[in-house]
Protein chains: 2
Amino acid sequence: MATLSVPSQVPPPSEDADQLRKAFGGWGTNEGLIISILTHRNAAQRKQIRQAYADLFGEDLLKALDKELTRDFERVVLIWTLDPPERDALLAYESAKKGSPSDRALIEIACTRTSDELLLIRKAYHARYKRSFEEDVAAHTKENFRKLLVPLVSALRYEGPEVNASLANSEAKLLHGKIAEKAYSDEEVIRILTTRSKAQLLATFNEYNNDFGNPISKDLKADPKDEFLSALRAVIKCFTYPEKYYEKIIRLAINKMGTDEGALTRVIATRAEVDMKLIKDAYYKRNSVPLERAIKKDTTGDYEDFLLALIGQDDA
Amino acid sequence: MATLSVPSQVPPPSEDADQLRKAFGGWGTNEGLIISILTHRNAAQRKQIRQAYADLFGEDLLKALDKELTRDFERVVLIWTLDPPERDALLAYESAKKGSPSDRALIEIACTRTSDELLLIRKAYHARYKRSFEEDVAAHTKENFRKLLVPLVSALRYEGPEVNASLANSEAKLLHGKIAEKAYSDEEVIRILTTRSKAQLLATFNEYNNDFGNPISKDLKADPKDEFLSALRAVIKCFTYPEKYYEKIIRLAINKMGTDEGALTRVIATRAEVDMKLIKDAYYKRNSVPLERAIKKDTTGDYEDFLLALIGQDDA
């Protein structure tokens with residue numbers, strides 16, 4: 001379901017590192033060469049290239065890229081080249097610091113990564129920032145958002161397939177009751193969303209739909225401008241239909257007056273190796289325009305080429 | 001600082017397994033043999049013995065022990081023999097299920113284990129109970145205790161030595177203000193205690209003592225019967241003086257009308273390999289009686305022998 005394409009014969013990491021070094025030298029940077037290498041290597045291969053680059057030239061590849069590139073292109077290259085847990089730690093840090101209720105990176109990281117991935121991110125956060133992820137989230141949020149986000153990023157959810165049907169039933173009722181009272185940040189609502197396994201939550205949401213005739217997300221739309229309700233819907237959508245969740249983030253980023261490159265870069269760089277094919281399908285279904293065409297219309301130059309390569313639309 | 005003593009020449013695990021098998025056979029169980037082996041093997045060695053036992057006899061050693069032994073002796077042998085993360089997962093599970101405000105196992109596990117140990121415990125919890133640790137804690141607590149315990153058991157605290165002095169200063173003031181208002185479960189109090197690194201917390205508590213002339217624990221004694229205040233003091237003591245914290249648990253377990261074997265077993269089995277020497281010193285200082293003598297007075301038989309061996313007072 002990834003869109004990343006890796007050639008069947010990949011050069012040794014030292015050769016890739018050497019090519020990248022050449023792309024930085026001479027008269028101006030050879031962006032095409034950088035794109036053709038980095039967009040066709042998986043996470044393990046990129047890590048090896050970074051290691052080989054450090055061994056050969058005594059410099060961190062990311063520092064070198066940072067010196068050579070600029071703006072949106074620089075950002076997507078750096079974000080993409082980082083090892084996924086480090087990349088997510090960086091996105092988490094930026095988002096936690098911002099503390100903006102409408103920022104979605106924290107919710108994505110907490111709800112679409114596996115339990116083990118989230119752990120690696122929390123460890124990378126320690127190494128990079130000398131603090132814990134939950135510590136920064138707690139320090140930069142308050143009230144309802146803190147109540148939701150701190151346990152969300154601290155969870156180590158059970159990932160087995162077991163479902164307790166009677167629990168799904170009772171917790172669906174409990175959620176419905178709280179939503180009917182508009183007690184959206186009630187501690188029981190938070191407890192259920194932040195601690196139950198994904199399998200259990202899906203059963204609970206299905207039960208909710210069956211018993212009350214509406215998907216829970218719809219009942220959480222009482223006030224479309226309420227930022228907290230919107231965060232709850234994002235949590236639920238990340239659990240239930242991550243590809244639809246991401247489709248919407250891309251759609252809003254592209255349809256915005258002046259593209260939201262931050263969101264576009266984040267989604268494509270974090271999903272190209274995971275489920276970008278499904279997101280592309282969802283995008284086409286929802287917009288009747290292929291994602292490639294929408295990106296071509298909205299972006300330019302090396303940044304455009306890099307994004308297109310990551311979603312599988314270059315000539316490599 | 002451990003009291004566990006391991007002989008310089010340890011027999012191969014298969015020989016230990018074989019000896020244990022012999023201790024179970026024949027006319028009645030040979031408890032002395034069980035004690036002499038198990039109380040002189042470290043966690044890695046006990047794990048190997050359990051593996052060897054399963055390989056040789058097709059049975060889990062813990063099941064065999066369970067069949068052969070009874071009561072307090074059985075409990076301490078099982079708790080001790082378990083691999084530490086599994087053992088803590090079991091203690092955590094029992095404590096979470098009980099949901100008793102005065103139960104201290106959850107606080108001990110959350111506050112005296114390292115971040116990596118707590119992670120292993122959470123993973124062992126998944127494997128053993130098909131749920132997450134925080135999920136059970138959240139489901140069996142409410143209000144103030146839930147607000148404190150869920151983030152406490154979910155934290156992955158940063159463990160570096162870095163301390164931010166101005167943060168220690170501002171958070172000491174913040175804690176003092178909340179305590180003065182008796183807002184003990186205020187979300188800022190909970191945030192500080194559940195997310196800051198231990199090094200940072202110690203700096204904050206020292207600053208508190210310097211600025212306000214009282215240790216924070218003392219200011220949290222306003223109402224000695226308040227269970228929540230008592231839990232907050234336990235958290236702080238586990239961070240600052242774990243050996244004094246454990247000394248008190250042992251003292252209360254022994255001085256109780258009818259010894260509290262549950263607490264005594266838990267502390268000795270979980271600390272013999274960690275800091276039991278310091279706890280023994282603290283016990284002698286506080287009670288003017290060596291812990292060995294107190295245990296001899298209060299316990300009997302194989303249970304007594306096992307505890308004494310774990311704290312370094314057998315003839316082996």
Side-chain angles (χ1 to χ4, degrees), chain A residues 96 110 115-116 118-147 149-164 167 170-171 174 186-201, chain B residues 96 110 115-116 118-147 149-164 167 170-171 174 186-201:
Chain A
S115 293
D116 278 341
L118 184 54
L119 268 191
L120 290 177
I121 295 162
R122 293 170 77 187
K123 291 186 169 183
Y125 203 103
H126 282 196
R128 219 177 149 101
Y129 304 110
K130 311 289 172 203
R131 285 194 300 279
S132 78
F133 181 16
E134 64 270 24
E135 179 176 8
D136 278 351
V137 173
H140 293 90
T141 51
K142 50 189 181 175
E143 295 163 7
N144 290 351
F145 277 91
R146 185 190 279 173
K147 277 172 72 178
L149 292 173
V150 175
L152 211 57
V153 306
S154 310
L156 183 71
R157 288 177 203 265
Y158 177 63
E159 291 188 317
E162 296 86 350
V163 162
N164 179 332
L167 189 68
S170 65
E171 295 195 335
L174 203 161
D186 181 274
E187 60 170 303
E188 288 290 283
V189 176
I190 304 283
R191 173 183 64 78
I192 293 170
L193 293 179
T194 59
T195 69
R196 293 304 186 195
S197 75
K198 289 187 195 177
Q200 183 66 35
L201 282 174
Chain B
S115 294
D116 278 341
L118 184 54
L119 267 190
L120 291 177
I121 295 162
R122 294 170 77 187
K123 291 186 169 184
Y125 203 103
H126 282 197
R128 218 177 151 102
Y129 304 110
K130 311 287 173 205
R131 286 194 298 281
S132 78
F133 181 16
E134 64 269 24
E135 179 176 8
D136 278 351
V137 172
H140 293 91
T141 51
K142 50 188 179 176
E143 296 162 6
N144 289 352
F145 278 91
R146 184 189 279 173
K147 276 172 71 178
L149 292 173
V150 174
L152 211 56
V153 306
S154 310
L156 183 73
R157 287 178 204 265
Y158 176 64
E159 292 187 316
E162 296 86 351
V163 163
N164 178 333
L167 189 68
S170 65
E171 295 195 337
L174 202 161
D186 181 274
E187 60 170 304
E188 288 290 284
V189 175
I190 304 282
R191 173 184 65 77
I192 294 169
L193 293 179
T194 59
T195 68
R196 293 304 186 196
S197 75
K198 289 186 195 178
Q200 182 67 34
L201 282 174

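Hydrogens, waters and symmetry mates play no part in the numbers below; they use all other heavy atoms, side chains included. Convention: sequence-line order gives letters A, B, ...; per-chain numbering from 1.
Closest non-hydrogen pair, B/L156 versus A/H126, comes out as O-NE2, 2.7 Å. Of all heavy-atom pairs spanning A/Y158 and B/K130, the tightest one is OH-CD, 2.9 Å.
With respect to chain B, the highest number of heavy-atom pairs below 4.5 Å among A/E159, A/K142, A/K123 belongs to A/K123. For the set B/L119, B/D136, B/V150, the entry with the most heavy-atom pairs within less than 4.5 Å of chain A is B/L119. Counting heavy-atom pairs under 4.5 Å between each of B/E188, B/R191, B/K147, B/E143 and chain A puts B/R191 at the top. Contact count versus chain A (heavy atoms, under 4.5 Å) is highest, among B/A139, B/S115, B/S197, B/A127, for B/A139. By number of non-hydrogen pairs under 4.5 angstrom with chain A, the leading residue of B/R157, B/R196, B/R146 is B/R146.
Looking at B/A155, the atoms closer than 4.5 Å to chain A (heavy atoms on both sides) sit in the backbone and in the side chain alike. Neither the backbone nor the side chain of B/N164 comes within contact range of chain A; no heavy atom of the residue lies under 4.5 Å from a heavy atom of that chain. Contact of A/E187 with chain B is made through backbone and side chain together, with heavy-atom distances under 4.5 Å.
At distances below 3.5 Å, not a single donor-acceptor pair connects side-chain atoms of B/E134 with backbone N or O atoms of A/T195.
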